[in-house]
Amino acid sequence: STSPLESNAIVTETNVTSGDICVATQPNISINPTSLNFGSVYVGNSTTQMIAVSNTGTADLIISSISLLGANAGEFSHTNNCTTTVIPGSSLCTIAVVFTPASGGAKAATVSISSNDTDMPIFNVPLTGEGIVDNTPPSVTITATPNILWPPNHKMVDVRIDGSAI
């Protein structure tokens with residue numbers, strides 16, 4: 001019986017006499033999601049989003065490197081559990097990407113994933129976010145005790161001031 005060729009299969013040889021087809025297997029990287037938008041984040045705070053890497057091919061996917069590139073790469077960081085090999089089928093690894101803006105404004109970078117996928121040896125995941133500077137002045141509340149600072153006898157009284165800033 002014959003079976004259909006996988007979409008990532010490469011026909012390497014056809015035996016014209018017997019009709020046999022030799023098929024070479026290969027890995028196929030699959031990334032989800034293919035881009036990350038972190039939205040607005042206050043300067044000094046951080047937020048994390050995940051990227052899932054799987055192998056929809058028929059051979060082992062070998063991840064050779066995961067790096068951050070771009071003008072604002074320093075405002076993003078990553079950790080991952082991607083060992084060098086992602087087995088076809090149910091195996092998957094994850095990349096945790098953290099956005100920590102150091103200044104206000106639009107930020108962009110790229111997570112670059114290098115592998116042995118012949119169709120897509122480098123998969124770039126665009127990253128975007130906005131650093132927000134909080135210019136709101138702190139709220140200060142002052143309470144004086146006792147309520148009368150200068151009693152009728154014109155003597156000084158102790159005053160306690162409790163303040164809090166938000």
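Model, not experiment: these values are computed from the prediction. When reading the values below, keep in mind they use all heavy atoms of this one structure, side chains included, and skip hydrogens, waters and symmetry mates.
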At their closest point, which heavy atom of Gly131 faces which heavy atom of Pro101, and how far apart are they?
-> CA-CB, 3.6 Å

Shortest non-hydrogen pair, Ser54 vs Leu92, comes out as CB-CB, 4.2 Å

Kindly indicate whether the side chain of Asp117, heavy atoms from C-beta on, has any atom under 4.5 Å from the side chain of Leu61.
-> yes

For the student: nearest non-hydrogen atoms of Ala59 and Pro88, plus distance | O-CG, 3.3 Å

Interatomic spacing from NE2 in His78 to CD1 in Ile95 - rounded to 0.5 Å = 7.5 Å

Heavy-atom nearest pair, Gln49 first then Leu36, reads OE1-CD2, 3.3 Å

Side-chain contact test, heavy atoms from C-beta onward, threshold under 4.5 Å: evaluate it for Ile63 versus Val53 and give yes or no.
-> yes

Identify whether Ile66 and Leu68 are in the same connected component of the hydrophobic contact network (ILVMFWY, side-chain heavy atoms under 4.5 Å).
-> yes

Is a donor on one side and an acceptor on the other found under 3.5 Å between the side chain of Asn55 and the backbone of Val86?
-> yes

If you measure from CD1 on Ile113 to OG on Ser65, what distance do you get to the nearest 0.5 Å?
-> 9.5 Å

Give the minimum heavy-atom separation between Asn72 and Ala106, together with the two atoms involved.
-> OD1-O, 4.2 Å

Would you say the side chains of Thr56 and Asn28 form a donor-acceptor pair under 3.5 Å?
-> yes

Is the backbone of Thr118 close enough, under 3.5 Å, to the side chain of Gln26 for a donor and an acceptor to pair up by distance?
-> no

Determine yes or no for a side-chain-to-main-chain donor-acceptor pair under 3.5 angstrom, with Glu75 supplying the side chain and Ala102 the backbone.
-> yes

For Phe123, enumerate each residue passing the ring pair (Phe, Tyr, Trp, His ring centres under 6.0 Å) test, keeping only those at least two apart in sequence or located in another chain.
-> none

Does any N or O in the side chain of Asn81 come within less than 3.5 Å of the main-chain N or O of Cys93, such that one atom is a donor and the other an acceptor?
-> no

Taking side chain as C-beta onward, heavy atoms only, is Asn116 less than 4.5 Å from Asp60?
-> no

Pairwise side-chain contact, Ile62 with Pro27, heavy-atom cut-off 4.5 Å (strictly under) = no

Mind checking whether Leu69 and Leu127 sit in one hydrophobic cluster, side chains of I, L, V, M, F, W, Y counted as touching below 4.5 Å?
-> no

Can you tell me if Asn124 and Ser112 form a side-chain donor-acceptor pair at under 3.5 Å?
-> yes

Please answer: with hydrophobic residues joined when any side-chain heavy atoms are less than 4.5 Å apart, are Val111 and Ile122 in the same cluster?
-> no

To the nearest 0.5 Å, tell me how far Ser115 OG sits from Met120 CE.
-> 9.0 Å

Do Val125 and Thr110 come within less than 4.5 Å of each other through their side chains, counting heavy atoms only?
-> no

Side-chain contact test, heavy atoms from C-beta onward, threshold under 4.5 Å: evaluate it for Ile51 versus Ile31 and give yes or no.
-> yes

Report the C-alpha separation of Thr48 and Val97 in whole Å, then their side-chain angles, then the decisive distance to 0.1 Å, and conclude whether the side-chain contact (heavy atoms from CB on, under 4.5 Å) test is met.
-> CA-CA 6 Å; Thr48 303; Val97 181; over 6 Å; no

What pair of heavy atoms forms the shortest contact from Ser46 to Thr100, and how long is it?
-> CB-OG1, 3.0 Å

If you round to the nearest 0.5 Å, how far is CG of Asn45 from OG of Ser40?
-> 12.0 Å

Is there a donor-acceptor contact under 3.5 Å from the side chain of Asn32 to the main chain of Ala52?
-> no

Is there any ring-ring contact (aromatic ring centres under 6.0 Å, His included) pair reaching into residues 92-120, and which pairs are they, with sequence neighbours excluded?
-> Phe38-Phe99, Phe76-Phe99

